[in-house]
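Worksheet for the structure shown next.
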Amino acid sequence: MNSIPKQKKQISLSQYIIEEQLKIPHASGEFSALLNHLVYAAKIVAREVRKAGLLHDILGSTSDTNVQGETQMKLDQYADGAFNNSLKICGHLCVLASEEHEEIIQIPNGYAMGKYTMSIDPLDGSSNIDTNVSIGTIFSIHQRLDANSKEPGTEKDLLQRGSKQRCGGYIIYGSSTMLVFTTGKFVTGFTLDPSLGEFLLSHENMVMPETGNIYSTNEGNSSYWSDEVKNYIHHIKSIESGKKPKTARYIGSLVADFHRNLLKGGIFLYPNDTKSSKYPNGKLRLLYEAAPMAFIAEQAGGMAVTVKGERILDLEPKSLHERTTLVIGSKREVEEFLTFIQKK
Ligand code: AHG
Ligand code: MN
Ligand code: MN
């Protein structure tokens, strides 16, 4: 007789958040509520991404540029609006920073001021939007410097080290939509069930393999790299060391490249240009790209450093849109990269 297939116990993100909150005595629930508002906006963005090819006004570029001189895509602006609208009036933030806004975003008059700050890259991987390739959202949450203040938050509240994050995470709009985040204990992944409209727990305690055979970098920029970076990339591709050469995988969306390496193991590098003035400090932004990814990487057992070997989470941000170099991935792979850096 055929046995009836057992239904896997499914835990929704909302249930998970409540259960986690109950474990913390005297928790106010403010953080849980903030996460719910973020997730609501993520579902709206996911819905639009899913049917982007069918909509008239969502693909392609706008005539606007952001603070970094990059052309804003329509979906960049849409995602920015969706997250801001949901977050700035949710009552749990005191200030926000977004890749798409030069200045800090204040909480509108008349709305409650919360104790958290958020920095966000509403749509990561803009160059992949129009071609149906995975894109994402990256976010970083800190507690404001004076948690009891009811005054509007300031830039200073946002410019805190990555090691002080209360939460770092991303949403990947890929073959499925996933939310991955850490609050500093472990890394958890939820997958959106489109039929329920709910994120369900799918990846508990995510651990990055200690080693990995994938390297991800935009090798088209290699002429601009330092000799140290060139030597390292040459080394991992060569058979001289007796090892199997690594495999190149590069999507061009940090979220997607990182997510793959988190699951499979490997290393991602975005070095600086040493011979052109385009990205003298690297391309990726510290507050809302490198720091949250570094928080996740470390919590999953990986590492994240600059090309000079500084720990990303120790960097003191000086401005909202500051860029950094980023070498992130499996522990052993990043450690091997560090052996290529000249000790000065
Ligand atoms: P964004 O779309 O938010 O501006 O970020 C783009 C970033 C990141 O997602 C990716 O890792 C990197 O730019 C790709 O850059 P190249 O196209 O220079 O390789
Ligand atoms: Mn980005
Ligand atoms: Mn972006």
Side-chain angles (χ1 to χ4, degrees), residues 41-42 45 48-49 52 59-62 64-84 96-102 105 118-131 133-140 168-174 214-225 229 233 248-262 266-273 276-294 296-297 304 306-307 312 320-329:
V45 174
E48 299 305 300
V49 167
L59 292 181
S61 52
T62 67
D64 303 328
T65 50
N66 65 16
V67 53
Q68 337 197 19
E70 297 158 345
T71 304
Q72 287 180 317
M73 306 298 282
K74 289 178 187 162
L75 205 57
D76 279 327
Q77 291 188 349
Y78 182 86
D80 182 58
F83 283 104
N84 285 345
L96 282 115
S98 161
E99 181 196 350
E100 306 307 333
H101 295 254
E102 181 164 5
I105 302 164
M118 187 174 307
S119 305
I120 190 161
D121 177 355
L123 215 290
D124 175 66
S126 302
S127 69
N128 287 320
I129 291 174
D130 286 358
T131 50
V133 176
S134 298
I135 48 181
T137 295
I138 314 174
F139 60 92
S140 165
Y170 61 83
I171 296 121
I172 176 167
Y173 311 101
I214 293 171
Y215 78 100
S216 330
T217 192
N218 186 341
E219 222 160 340
N221 294 330
S222 57
S223 308
Y224 301 131
W225 293 344
V229 174
I233 296 291
R249 289 284 184 277
Y250 188 71
I251 295 169
S253 298
L254 173 63
V255 167
D257 280 308
F258 177 82
H259 185 70
R260 183 204 49 242
N261 292 2
L262 172 63
I267 187 164
F268 170 97
L269 303 95
Y270 210 113
N272 57 323
D273 293 349
S276 99
S277 53
K278 200 167 173 207
Y279 297 124
N281 302 316
K283 179 180 182 186
L284 299 173
R285 278 58 56 109
L286 175 57
L287 277 188
Y288 45 80
E289 290 181 319
M293 291 312 202
I296 296 169
T306 66
V307 288
I312 293 287
L320 292 182
H321 303 288
E322 176 176 341
R323 295 182 193 265
T324 178
T325 56
L326 179 64
V327 180
I328 188 166

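Counting starts at 1 for both ligands and their atoms, in listed order.
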- Item | Polar contact flag for Ser126 and ligand 1 (N/O pairs, less than 3.5 Å) | yes
- Could you tell me whether Leu123 and ligand 1 have an N or O pair separated by under 3.5 Å? yes
- Check whether any heavy atom of Tyr270 sits under 4.0 Å from an atom of ligand 1. yes
- Query: Quick check: does Glu100 have an N/O/S atom under 2.8 Å of the Mn ion (ligand 3)?
  - Reply: no
- Tyr224, OH: over 12 other non-hydrogen atoms inside 6.0 angstrom: no
- Query: Which of the atoms in ligand 1, numbered in the order shown and given with their element, are less than 4.0 Å from a heavy-atom of Glu289?
  - Reply: 3 (O), 5 (O)
- Query: Have Thr137 and Tyr173 got a donor and an acceptor in their side chains that come within less than 3.5 Å?
  - Reply: yes
- Task: Report yes or no: do Asp124 and Tyr288 form a side-chain donor-acceptor pair below 3.5 Å?
- Result: no
- Message: Counting backbone and side-chain atoms alike, is an N, O or S atom of Leu123 positioned under 2.8 Å from the Mn ion (ligand 3)?
- Response: yes
- Message: Counting non-hydrogen protein atoms only, what is the nearest one to atom 11 (O) of ligand 1? Give residue, atom name and distance.
- Response: Leu254 N, 3.3 Å
- Task: Report, in ascending order of atom number, the atoms of ligand 1 lying under 4.0 Å from any heavy atom of Tyr250.
- Result: 14 (C), 15 (O), 16 (P), 19 (O)
- Message: I'd like to know if the side chain of Asn261 pairs up with that of Ser216 as donor and acceptor (distance under 3.5 Å, no hydrogens or angles considered).
- Response: yes
- Does Ser127 come within less than 4.0 angstrom of ligand 1, counting non-hydrogen atoms of the residue? no
- Just which atoms of ligand 1 are under 4.0 Å from any heavy atom in Lys283? 12 (C), 13 (O), 14 (C), 15 (O), 16 (P), 17 (O), 18 (O)
- Message: Looking at the Mn ion (ligand 2), is there an N, O or S atom belonging to Glu289 that lies under 2.8 Å away from it?
- Response: yes
- Query: atom 7 (C) of ligand 1: which protein heavy atom is closest, and how many Å away?
  - Reply: Leu284 CD2, 3.8 Å
- Item | Metal site the Mn ion (ligand 3): N/O/S of Asp121 inside 2.8 Å | yes
- Say whether Ser253, considering both its backbone and side-chain N or O atoms, lies within less than 3.5 Å of an N or O atom on ligand 1. no
- Item | Ile251 near ligand 1 by a heavy-atom separation under 4.0 Å | no
